[in-house]
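Here the structure is laid out as structure tokens; the discussion comes afterwards.
Side chains are part of it too, since the values below use all heavy atoms of this structure and drop only hydrogens, waters and symmetry mates. We name chains A, B, ... by the order of the sequence lines, and we start the count at 1 in each one.
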Amino acid sequence: MPPIIKVQNVSKTYIRDNFEVPVLNNINLEIEEGDFLALMGPSGSGKTTLLNLIAGIDTPNAGQLFVANTDIATLSETALAKWRANNVGFIFQFYNLIPVLTAFDNVELPLLLTNLSKAERKKQAETALEIVGLKDRMDHYPKQLSGGQEQRVAIARAIVTDPLIIVGDEPTGDLDKNSAEEILTLLERLNKEFKKTILIVTHDPHAAERANHTRHLEKGDLV
Amino acid sequence: MKVFKLIFKNALRHKLRTILTVLGIAVAVIAFGILRTVVTSWSAGLEASAANRLIARQAISFIFPLPYTYGAKISSVPGVEEVTYANWFGGVYIDKNNFFSRIAVDPETFFTVYPEYILTKQEMETFKRERNSCVIGSKIAKQYNLKVGDVMTLEGDIYPGEWQFTIRGIYQPKEKSTDASQMFFQWDYLNERMKQEMSGRDGNVGWYIIKISNSANSAEISTKIDALFKNSNAETKTETERAFTQGFIASSGAIITAMDFMSFVIVGIIMLVLGNTMIMAARERTREYAVMKTLGFSAKHIIGLILGESLFVSMLGGALGLFFVIPIVASFEEVIPKGFFPVFRLEETTIIMAISAAILIGVASAVFPIIRALKTKIVDGFRFVG
Ligand SMILES: Nc1ncnc2c1ncn2[C@@H]1O[C@H](COP(=O)(O)OP(=O)(O)O)[C@@H](O)[C@H]1O
Ligand SMILES: [Mg+2]
């Protein structure tokens with residue numbers, strides 16, 4: 001089976017104050033379907049950038065990106081948005097829940113783009129919340145939840161559309177040890193039980209330990 | 001439906017800010033409504049003037065009278081259908097703040113030339129018959145609680161003395177723009193008293209109103225009339241009623257133009273206020289828009305969210321403003337000098353304009369936040385720190 005993620009000779013440069021800032025240099029990376037990979041490296045090494053490219057929220061300056069059987073570097077913005085909605089679940093360091101929506105509404109949000117009926121959406125969102133153990137909190141607003149609980153709601157939002165790939169950018173970066181532990185256990189479970197391909201960025205070795213593999217980025221080079 | 005929920009919740013995120021903005025829009029709509037009502041009421045006088053009526057007045061000044069004898073001569077000009085005359089009376093009714101026109105007219109011809117003042121046949125006949133009778137507009141009747149048979153006493157100023165009239169008719173306005181706040185009485189009554197009390201002031205009328213058969217000939221007929229009295233000691237100046245009215249209110253015209261202008265300036269100001277609110281709101285949500293885009297929401301959703309919120313706030317303010325502007329205009333009518341405007345009412349067009357303005361404010365205020373939200377790349381949105 002071909003790898004689900006194939007990064008080929010990808011480079012990324014940002015322009016800042018009229019200067020070109022090279023962030024990624026000729027990156028090559030393959031991830032098998034069902035893998036759980038942790039991307040490590042010092043701050044500013046380009047981890048987030050690489051993750052964003054793979055997840056299709058940024059585009060490379062050079063190289064090719066085959067993710068979930070799609071050459072995503074060539075997709076238009078609209079096509080890419082649709083592709084993301086179908087294939088990728090996102091977890092962020094700062095949870096990024098919509099503060100005016102309840103846990104349930106936050107989880108249901110990605111489903112509004114599908115043509116599921118209201119009842120189907122409800123069922124699916126509740127299932128996702130059940131998986132993360134927060135079904136009893138579904139009417140709570142983000143500010144009524146702890147950081148760990150918010151991140152679990154975010155994970156429920158990431159899995160509610162049943163994506164092939166889940167990406168997490170420092171998913172435990174803002175959490176205490178116990179909450180981080182919960183989140184990592186949950187990710188492990190998603191990988192093992194639900195066969196999701198998971199890619200996380202972290203600079204916490206404890207977190208990286210829970211993955212199947214670890215890769216390191218140094219100043220834009222994969223080592 | 002979920003989208004409306006989000007729009008609604010977004011709008012109420014900063015309750016105080018939203019309330020203040022809504023109130024601001026409401027106040028603007030109220031000010032807009034009042035200013036426009038003043039403007040439209042003013043021009044209603046112009047619109048009410050018929051194109052097929054000419055006014056002949058003393059050439060030097062409107063305040064000088066014309067001889068009664070001119071009437072017959074004017075009638076002889078080809079194209080003239082009917083000639084009537086009127087004389088400004090002035091005077092005080094109970095209180096000098098009670099301002100409405102009191103005019104001495106020729107009962108035989110006046111209502112033929114002014115078909116927009118509607119009297120019943122019986123009212124018309126009594127008015128013609130009784131020397132000291134008068135007719136009043138329905139608005140005056142309502143305002144002072146007057147009915148047919150009541151006596152109306154005026155304290156004369158231009159024509160000194162106490163003047164008593166019996167109300168013999170209440171005329172109804174034909175159009176909404178028709179002035180229903182006037183009082184008419186027989187010129188003969190005025191003339192007779194002048195003959196007895198102030199000889200020399202009799203035999204004069206204030207101005208002639210000439211109904212012509214074809215309004216296209218107004219210029220030609222005017223010239224002919226004025227030519228009749230050339231080199232007499234009371235030369236005339238004849239013009240269409242509209243031109244006459246325009247000239248009459250010209251001095252106030254500048255203020256009206258300023259009010260007209262101001263009403264739109266207010267809309268512009270409030271547009272900036274809501275625009276500012278929306279820019280702040282959208283800025284604070286930069287990260288959330290990045291999240292939504294990440295989840296696959298597209299430009300149309302982001303536009304819908306921002307535009308929806310902006311319209312929600314502006315329509316709420318507009319509705320609140322309209323709700324209050326109607327009673328406010330009504331109470332305004334109470335405090336301005338009575339009869340200062342022939343009609344003072346909130347026109348449908350003003351309401352439509354206010355609603356359109358609210359929509360326009362909502363749309364315009366959303367433009368910049370939308371552009372910004374769409375232009376911001378997802379990755380930059382996540383890196384954005386408010
Ligand atoms: N959108 C961007 N615009 C400009 N510079 C950026 C942008 N994203 C990242 N960078 C720069 O690229 C470099 C790598 O950033 P990032 O991928 O976030 O590193 P990491 O996640 O490893 O800390 C940093 O120097 C950062 O300032
Ligand atoms: Mg990072």
- [ ] Show the numbers, then the answer: is there a side-chain contact (heavy atoms from CB on, under 4.5 Å) between A:Thr78 and B:Lys300?
- [x] CA-CA 11 Å; A:Thr78 328; B:Lys300 70 165 190 270; over 6 Å; no
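- Residue-environment remark: CZ (B:Phe264) exceeds the threshold of 12 foreign heavy atoms within 6.0 Å.
- Side chains of A:Arg157 and B:Val291 form a contact here, defined as non-hydrogen atoms less than 4.5 Å apart.
- Of the atoms belonging to B:Ser298, not a single heavy atom falls under 4.5 Å from chain A.
- Interface check for chain B: of the options A:Leu97, A:Leu109, A:Thr48, the most heavy-atom pairs under 4.5 Å are formed by A:Leu109.
- Counting heavy atoms of neighbouring residues, nucleotides and ligands inside a 6.0 Å radius, atom CZ of A:Phe194 exceeds 12 of them.
- Heavy-atom distances place no part of A:Glu77 under 4.5 Å from chain B, backbone and side chain included.
- At a threshold of 4.5 Å between non-hydrogen side-chain atoms, the residues B:Glu288 and A:Pro99 count as touching.
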TODO: Begin from the C-alpha positions of B:Lys2 and A:Asp105 and carry the test salt bridge (charged side-chain N to carboxylate O under 4.0 Å, His left out) through to its verdict.
DONE: CA-CA 8 Å; B:Lys2 287 277 173 180; A:Asp105 287 339; 3.0 Å; yes
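- With contacts defined as side-chain heavy-atom distances shorter than 4.5 Å, the pair A:Ile98/B:Met292 qualifies.
- A:Asn52 has its side chain out of reach of B:Phe382: every pair of non-hydrogen atoms, C-beta onward, lies at least 4.5 Å apart.
- A:Leu101 places a side-chain heavy atom less than 4.5 Å from the side chain of B:Leu6.
- Heavy atoms from other residues, nucleotides or ligands lying under 6.0 Å from CG of A:Asn115 number 12 at most.
- For chain B, the option among A:Leu80, A:Ile57, A:Asn86 with the highest count of heavy-atom pairs below 4.5 Å is A:Ile57.
- More than 12 heavy atoms of other residues, nucleotides or ligands shown are found within 6.0 angstrom of NE2 on A:His140.
- Other residues, nucleotides and ligands contribute only 12 or fewer heavy atoms inside 6.0 Å of the CZ atom of B:Phe368.
- One distance of note links CG of A:Asn96 with CZ of B:Arg287; it measures 5.0 Å at 0.5 Å rounding.
- For B:Lys9, the parts lying under 4.5 angstrom from a heavy atom of chain A are both the backbone and the side chain.
- Under a 3.5 Å cut-off, the side chain of A:Arg84 and the backbone N or O of B:Gly296 do not form any donor-acceptor pair.
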